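Just so you know, these numbers come straight off a predicted model, no measurement behind them. Convention: sequence-line order gives letters A, B, ...; per-chain numbering from 1.
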Amino acid sequence: MEFTLDVQPPFSLQSILHSHGWIQLASFVSDAPYQEFNYTHQLNNNRVTAWHVRQEGSALLVNTDGQINGAEKAEISEKLAWMLDLDRDLSNFYAVAHQEPKLAHVVDKAAGRILRSASFFEDTVKTILTTNTSWSGTKRMVQTLVDLYGRPLPGDPARRAFPTPEQLAEVDMEALRLQAKLGYRAPYVSELARRVASGDLDLETYKSSTLPTQALRKELLAIKGIGTYAAANLLMLLGRTDYIPIDSYALKVVSEEFHDGVPVKPADVEAAFERFGEWKGMAFWFWDYAN
DNA sequence: GGTAGACCTGGACGC
DNA sequence: GCGTCCAGGTCTACC
């Protein structure tokens, strides 16, 4: 079944898919140069569906496998709007970016929206799996979680949805450690899944939270496995752009960009983008680094 | 509040 | 093929 979603220009699906590495993680499937994508997802009624999304002019064309009913279409539309950051007003950021040559490309490419997964639970697990490992390790761990515990797409069992909190909560922690090879991250993911599945923690409310960023950050830091880098990364995914996710990559690029390759500390990364205020994280994220 | 060490895996490297 | 070293954030214990 095919339907369309209207988008407000400036808009570029390709720029969203290039916004960070999420497009390379299951259950996204897309090939470079990332102009369209497939996503497999378990809906609220537990039906597993696959979506193919591409842009045509100022509209997004969505194709689902098989027929969907009205409620399913509404859920898919709502989730795609979240995933593609469709409701984001970037005019103030563009005004700032227009004045900075290293950010001018953002305006030219209609960039600035950041790709998300359908649920904040999925993004939180994925963020935990980016910590203290290589990117190839992150991709492997996410793919393994999907392959082992995600529900398959009817008619194509090779395609699976990212497991729900309830499905992951049922998995033995040692299986997460040894079969999924999450290593020491296994208890973090297990505890998170159990808390969400039991209702102790409602991560999805963070999407529309009115808490000040600092208070929201405090709540994220209270989750086991989420430290300063991961919290800042999640805040960016929530549209809160005043913290910088400082990891070894950030230290490297800021060292090369602003300090002639001399090693820097987190405070130096903050200082480099301090002048962008509420857009500090966006300026760091979309900066046109020389190398 | 700041710091050291442990955690786990894959990849690079030397033999 | 095997062993060693290193990179990558967070947590905990300790000062």
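Atom CE of A:Met141 is separated from atom P of B:dC7 by 18 Å (rounded to the nearest Å).
Of the candidate nucleotides C:dT12, B:dC8, B:dG11, B:dG11 has the atom lying nearest to any side-chain atom of A:Ser136. Closest to the side chain of A:Lys181, out of C:dT12, C:dG8, B:dG10, is B:dG10. Of the candidates C:dG9, B:dG11, B:dT9, C:dG9 carries the atom nearest the A:Tyr229 side chain, counting heavy atoms from C-beta on. Of the candidates C:dT10, C:dG8, B:dT9, C:dG8 carries the atom nearest the A:Arg185 side chain, counting heavy atoms from C-beta on.
In the interface, the side chain of A:Tyr184 is paired with the base of C:dG9 through a donor and an acceptor atom under 3.5 Å apart.
Note on A:Lys280 versus A:Glu270: salt bridge recorded, some NZ/NE/NH1/NH2 to OD/OE distance being below 4.0 Å. In summary, A:Asp268 and A:Lys265 do not engage in a salt bridge, as defined by a charged side-chain N under 4.0 Å from a carboxylate O.
Counting any heavy atom pair closer than 4.0 Å across all strands shown, A:Thr133 reaches a base atom.
For C:dT10, neither phosphate oxygen OP1 nor OP2 lies less than 4.0 angstrom from any side-chain nitrogen or oxygen of A:Thr131.
Qualifying side-chain hydrogen bond (donor to acceptor under 3.5 Å, both in side chains) partners for A:Tyr188, counting only residues two or more places apart in sequence or in other chains: none.
Side-chain polar atoms of A:Glu100 and A:Trp287 form no donor-acceptor pair below 3.5 angstrom.
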